[in-house]
Amino acid sequence: MATAKLSRPLGRMRRSTLVLVSQALLVLGTGSGMKPALGNDDLDISYSFAPRYRAVSAADRIAAKVDSGLDVFAAEAVGERLAKRLGEFGDQLKQSPGNSDSVAALLGDSFAASGWRGHEEEVRSDSRLRLVREVALDGQTIGREAFLSEFGSLMAEYGRIDTAEFKIVRVEAETGRDPARARTAVRFDLVGPAGEPNSKVVQQTGEWVLDWSRTPGGEWLVDHWNVLERTRGVGVGTLFVDVSAQALGANPSYASQLRVSVDHWRSRLDGALGVDVYGHHGVTAGDIDGDGDDDFYVSQPSGLPNRMFRNDGGLAFTDITNGAGVGVLDSTSMALIADIDDDSDQDLIVVTAASPLLFRNDGDGGFRHAWNAFELGSAPQGQLTSAALADYDRDGDLDLYICAYRYHAGTGVRHAPTPYHDANNGPPNFLLRNSGDGTFEDVTRVSGLNVNNSRFSFAAAWQDYDGDSRPDLYVANDFGRNNLYRNNGDGTFSDVAPQLGVEDVGAGMSASWFDYDRDGILDLYVGNMWSAAGLRLSNQSAFRSSSAESERNLYKRHAKGNTLFRGQPDGTFVDSTFEAGVEQGRWAWSSRNLDFDNDGCEDIYVANGYVTNSQTQDL
Amino acid sequence: MSRSPQGSDPSGQYETAWTAITELIHGASSWSGRERNIAYLNNGDGTFSDISGASGLDFVDDSRAYAGADFDGDGDTDLVLKSRNEPGIRVLRNDFAMSEAPARNNAIAIRARGSASNRDAIGARITVLAGGITAIKTIGAGSGFLSQHSKETVFGLGQAERVDKLRIEWPSGAEEVHTDVPVNFRIEVVEGSGVVSSQAFSTATRRLESLEADQDRTESSDPHGIWLVEPVPAPRWRLADTRGVAHDSADYRGSPLLLNVWATWCPPCREELRGLREHIGKLDQAGLQVVAVSVDDSDRSAAVAQFAGEEDLTFPVLLADSEFPSAYSLLKRHLLSRQTELRIPTTFLVNSDGYVEKIYEGVVAADQVVADTELLGETYERRLARVTPFDGLWFGSRPRRNHAELGAALLERGLVDLAVPYFERSVATTPHAPDSHYNLGTAYLRQGRLEEARGSFERALQWNQDYPEAHNSLGVVLTHLAGHEEAITHFHAAIASRGSYSKAIGNLATAYERAGKPERAVRALEAGIDANPGDLTLWNRLGTLHARRNDLSAAERSFREALRKDPAGAEAVTNLALLDAQRGNIAAAVDRLEGLLKEQPDAARAYFALAQVHASVGNRAAARDAIADLLARYPDHREAQRMLAQLGGTQ
């Protein structure tokens with residue numbers, strides 16, 4: 001007998017197959033500077049008790065299974081053990097960076113290290129930031145004492161260590177039930193203020209390869225400590241300053257609504273109101289009042305009003321939501337600010353999870369909801385996510401593309417992405433053509449955008465990538481292939497992603513176009529998932545050992561991180577991710593360019609992290 | 001479910017796993033949590049450096065989106081960052097680009113306005129030549145994830161002191177070139193009119209301090225009370241009080257009820273009960289009944305009675321049975337999006353129809369309850385307004401409760417009778433949703449209410465004929481109610497809807513077999529196998545069918561095929577062992593099963609098989625041992641308990 005189907009929306013899920021087979025610790029150390037609101041709203045005045053359930057739930061069964069080492073990934077159990085050990089090491093470094101006992105305690109009797117003595121290559125040096133790449137000398141092996149001295153001078157850079165993260169990205173262990181030797185690749189990140197009292201921040205990142213062996217007493221020690229790569233950055237002062245309190249603090253809504261975590265509301269409000277765990281609510285900049293500076297609009301979960309802030313200059317903002325009439329309570333994914341109805345002021349499109357809404361700027365500080373602005377061929381069948389505007393038909397007004405992510409419950413379509421690595425059971429996205437007066441008609445079908453339109457779409461970015469003056473469209477999809485729809489110039493599009501090599505099979509969640517190498521050709525940066533656990537597992541031979549090699553590679557691709565495609569003069573693209581070194585965006589969301597320092601080169605900022613909760617151990 | 005493009009999940013495990021993981025995330029689990037935002041600095045040579053820590057942008061906020069704009073007009077890009085965790089919003093001022101002169105980088109900020117083109121010039125391509133470098137940027141609206149950045153374009157110029165050329169290719173196709181562009185200015189360019197205004201970058205003194213935010217939050221007087229948008233039926237209870245008198249929740253209908261959950265070992269709970277006792281007159285006057293249910297262990301009932309006596313509690317103090325804590329914990333879990341177990345004290349305010357309208361976590365004051373009682377039974381609109389914490393406007397459909405969710409949770413935990421009212425409620429609120437009827441039918445079936453189950457599945461099919469689970473379940477019901485022929489029709493329909501539906505294929509075979517058509521049963525399984533050659537369940541079923549028909553060599557072929565496809569398959573090994581036994585080779589069967597259990601001690605069915613094999617030759621002691629081994633691993637295994645009892649053993 002089939003069990004009852006849960007018709008709760010699943011939100012954004014991935015990596016299920018991996019989770020089924022193994023528990024993986026992703027982050028070992030944690031920064032002391034970290035103060036996330038963990039949604040840890042358990043009331044301290046209450047007591048827990050454990051009900052004895054008559055039957056075990058599927059979730060309990062999965063939770064029980066995610067202890068590693070119970071399954072075929074024997075190395076993962078070792079990896080977890082070593083991760084724990086490195087986590088302790090990180091905690092010791094944070095307590096006392098100068099104490100060499102903590103690192104000495106990691107070393108085995110016949111210890112050696114390599115790659116520690118190199119020469120420095122200066123990448124950049126100015127009054128705000130000094131950046132140095134260590135280039136290791138080949139093959140130089142040093143012993144225990146020399147290593148301790150090298151490690152000590154590395155630590156001497158810091159007055160304190162706030163972040164000590166070690167992510168094991170690969171683990172190999174001896175075969176057999178109880179391996180005694182293992183090798184790990186470890187991504188490290190050590191951040192803290194410099195020694196003397198000044199405002200410098202020191203950051204060292206890179207990758208180590210550690211060879212371990214287990215003593216008869218069961219303790220794992222490092223026999224060989226090899227530096228693969230190391231970069232040191234010293235920033236002077238804070239390069240970006242959090243001015244939220246001055247900028248927004250005068251508005252009561254800042255403390256009561258904007259600062260507040262999603263989990264706070266999830267613990268305080270009836271779940272039926274619809275505050276979702278995933279927090280997929282964006283932010284939009286635009287010059288709402290036409291005074292020449294940018295204001296912004298914040299999208300919020302169901303039951304909490306979106307908020308609009310007017311820029312009063314000098315980085316001070318005033319909440320004008322209620323006066324402007326834009327406090328939408330429906331769960332909102334994102335908003336767009338642009339002149340939609342050709343009257344020279346900025347209108348507001350609010351993409352709720354269920355449908356788009358148009359608010360016309362009445363030119364007088366207010367917005368009016370325009371009923372029936374959008375004529376959809378059929379009601380959205382799934383949760384709407386990102387949207388983007390462009391004049392695809394070059395008639396002088398802005399048209400709208402909207403992504404949809406997962407079929408709503410009750411539509412009779414399987415919720416879970418199927419197959420996981422190439423899911424093709426997502427709801428259709430929309431192309432809506434502006435009739436010129438701010439009303440939109442659904443042209444998804446006639447434009448040919450109904451092709452390959454059954455994905456779990458998270459993001460869209462318009463761009464005339466081929467220089468024919470017609471906006472083309474890239475769509476980033478979770479659990480599979482992305483689309484690049486080339487504008488044919490006759491109101492139709494063709495998906496050319498496979499031909500141009502930009503399908504980027506993976507967990508797509510962000511797309512942006514910019515010229516990172518200043519060759520005058522636009523490049524494409526796609527947000528994906530970089531998962532240390534996924535890399536570890538999918539590189540082990542037991543992983544989906546019954547699957548075809550090509551399918552296994554697709555799974556591997558799912559953990560490999562963000563992708564940078566370099567545009568070529570012939571209109572094709574080359575994957576330059578690893579050469580550029582921009583893959584490790586973690587569980588990436590918005591991943592886009594901006595020029596941090598006005599040096600004329602596009603930099604990248606990646607917003608990331610999935611769900612941080614009170615349990616520190618990660619699924 | 002039927003439209004799954006690839007029926008690659010015959011067992012439904014994948015879907016179940018998704019659902020389970022979702023449940024874990026809604027609880028207290030983390031998933032890729034505590035990750036730091038990443039800042040990559042372009043080294044200018046095609047490579048980037050991770051400067052997340054050095055930049056101060058490495059927040060661990062579960063960030064989602066950000067908007068870049070020069071909010072303070074000083075010529076560089078600031079950020080508004082939106083995150084899942086607290087703080088949900090950060091305003092980040094760029095102090096990186098604004099290093100002190102002479103190292104300060106120059107820039108130019110351009111706002112383009114379309115004339116023939118769309119007003120926002122979205123799609124325009126701007127090229128700047130300065131200091132021997134050509135840079136291009138385009139104007140867009142919507143990129144990254146859930147983000148829109150400024151449509152003002154800031155070009156960093158490095159140390160270049162003049163712009164040699166500014167070219168704008170407008171979306172209309174027009175193109176214009178400017179050479180008279182001042183550096184460190186914000187300029188506005190109108191299509192066809194050139195530069196219409198310019199303004200020097202702001203150099204207003206920057207406040208460098210970052211200030212800790214004022215954390216004041218307007219807390220309501222009732223911080224731990226949660227009103228429900230839509231009341232839910234309070235799970236039914238029948239419990240004895242400290243004197244052994246039985247109470248039934250049904251008897252408390254007609255007036256509002258304050259249902260308190262407590263335990264003697266919980267000091268605030270005791271305090272709370274004293275408080276309620278003290279104000280019982282007030283509560284009485286408000287028409288409130290009070291019932292306190294202790295969740296103490298059953299051997300503590302004397303302590304409960306003693307406390308009730310000492311404190312002279314005049315309201316009923318009931319002793320929880322095994323069901324009550326489970327039911328109310330699931331209720332609490334599924335009423336909030338953050339699904340955590342019930343903690344005590346928790347108190348439920350139940351209206352006179354037996355629906356929970358409010359939950360209090362922690363100690364509740366009598367005055368609060370009295371005030372809240374006034375608000376019971378209001379309209380949906382008023383409740384929604386009360387629950388929504390801030391003013392705003394709804395545009396789409398209003399939030400409603402999915403009652404089936406709680407029903408499914410109760411059902412999953414074996415609380416079938418308690419689950420039914422939620423599915424009934426779900427059918428009442430969404431009568432056209434096939435899933436509602438299907439869920440209710442499933443619950444009825446588990447209760448053994450076959451006629452009602454039949455009706456529900458038929459209604460599910462009325463709203464969606466292409467619903468394989470409903471066909472299959474209806475088939476199961478009909479085998480009991482109407483005979484096999486009708487059932488067979490529905491199993492066929494289920495398989496026609498989803499060819500990979502193992503359970504339906506198996507059921508079809510069983511129905512044929514019971515209808516006295518074993519050849520049809522074999523053909524049904526063989527057809528299923530043809531369509532799903534990788535489905536081991538079907539190979540095992542086919543083998544079992546052959547074995548029952550005494551075609552032992554055909555049976556062995558099927559089991560061996562299953563084993564060939566999955567050499568570690570416990571099911572096939574177990575079946576081969578039973579086949580050994582059927583052939584009289586008890587020693588081989590025992591060997592095979594013991595070998596299997598050494599490798600896979602979790603293979604529950606192998607213990608039963610082992611017991612069965614031993615019992616078949618009268619070795620009850622060995623049979624009991626096998627079941628005892630199973631119970632050592634799964635102490636609550638009911639079937640094992642029953643079998644042990646049959647074998648004359650005790651636990």
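Letters A, B, ... are given to chains in the order of the sequence lines, protein chains preceding strands, and every chain is numbered from 1.
Nearest approach of B:P389 to A:G303, heavy atoms of both residues: CD-O, 3.7 Å. Shortest non-hydrogen contact noted between B:F71 and A:N311 is O-ND2, 2.8 Å. Nearest heavy atoms, B:F390 versus A:L329: O-CD2, 4.1 Å. Among all heavy-atom pairs drawn from A:D242 and B:R90, the shortest one is OD2-NH1, 2.7 Å. Of all heavy-atom pairs between B:I122 and A:A390, the closest is CG2-CA, 4.1 Å. Here the closest non-hydrogen pair linking A:Y605 and B:L57 is OH-O, 2.8 Å.
For A:V191, the part sitting under 4.5 Å from any heavy atom of chain B is the side chain, from C-beta outward, and nothing else. Looking at A:L304, the atoms closer than 4.5 Å to chain B (heavy atoms on both sides) all sit in the side chain, from C-beta outward. B:R64 touches chain A through backbone and side chain together, each having a heavy atom under 4.5 Å away. Both the backbone and the side chain of B:T77 come within less than 4.5 Å of a heavy atom of chain A. Both the backbone and the side chain of A:L389 come within contact range of chain B, each with at least one heavy atom under 4.5 Å from a heavy atom of that chain. In this structure, the portions of A:L269 lying under 4.5 Å from any heavy atom of chain B include both its backbone and its side chain. Only the side chain of B:D120 comes within contact range of chain A, judged by heavy atoms closer than 4.5 Å. For A:L594, the part lying near chain B is the side chain, with the backbone staying farther off; criterion is any non-hydrogen pair under 4.5 Å. For B:A116, the part lying near chain A is the backbone, with the side chain staying farther off; criterion is any non-hydrogen pair under 4.5 Å. In this structure, the portion of B:S117 lying under 4.5 Å from any heavy atom of chain A is its backbone and not its side chain. Heavy atoms of B:I133 lying under 4.5 Å from chain A belong exclusively to its side chain. With a 4.5 Å cut-off on non-hydrogen atoms, A:V283 touches chain B through its backbone and its side chain both. Residue A:D517 does not touch chain B at all, counting heavy-atom pairs closer than 4.5 Å.
Interface remark: of the candidates A:G327, A:A272, A:G235, A:A272 forms the most heavy-atom pairs closer than 4.5 Å to chain B. Top candidate by heavy-atom pairs under 4.5 Å with chain B, chosen from A:G585, A:C601, A:A354, A:A607, is A:A607. Interface summary for chain A: among B:G173, B:G156, B:G158, B:A69, the most heavy-atom pairs under 4.5 angstrom belong to B:G156. Contact count versus chain A (heavy atoms, under 4.5 Å) is highest, among B:F145, B:F155, B:W227, for B:F145. Of the listed residues (A:L357, A:D391, A:V234), the one with the most heavy-atom contacts under 4.5 Å to chain B is A:L357. Between chain B and the residues A:P471, A:A338, A:A247, the most heavy-atom pairs under 4.5 angstrom are made by A:A338.
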Walk me through whether A:R592 and B:S143 qualify under side chain to side chain donor-acceptor pair (under 3.5 Å). CA-CA 8 Å; A:R592 191 186 180 265; B:S143 66; 2.9 Å; yes
Step by step, work out the side-chain contact (heavy atoms from CB on, under 4.5 Å) result for A:L129 and B:L41. CA-CA 11 Å; A:L129 181 69; B:L41 185 72; 3.6 Å; yes
Stepwise, does the side-chain contact (heavy atoms from CB on, under 4.5 Å) test hold for B:I89 with A:L248? CA-CA 10 Å; B:I89 283 281; A:L248 302 170; 3.7 Å; yes
side-chain contact (heavy atoms from CB on, under 4.5 Å) between A:D397 and B:R119, intermediate numbers included: CA-CA 8 Å; A:D397 55 36; B:R119 296 289 162 272; over 6 Å; no
Going through the checks in order, is the side-chain contact (heavy atoms from CB on, under 4.5 Å) test met by B:N42 and A:D603? CA-CA 5 Å; B:N42 192 328; A:D603 310 307; 3.2 Å; yes
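The shortest distance between side-chain heavy atoms of B:D95 and A:L239 does not fall below 4.5 Å.
With no hydrogens or angles considered, a side-chain donor-acceptor pair links A:D294 and B:S150 at under 3.5 Å. A donor and an acceptor atom, one from each side chain of B:T138 and A:Q463, are located under 3.5 Å apart.
Ion pairing between B:R84 and A:D263 holds under the 4.0 Å rule for side-chain N and carboxylate O.
Under the 30°/60° scheme for interplanar angles, the aromatic rings of B:F48 and A:Y516 are found to be tilted.
Between the CG atom in A:D270 and the CG atom in B:L228 there is a gap of 4.5 Å [rounded to 0.5 Å].
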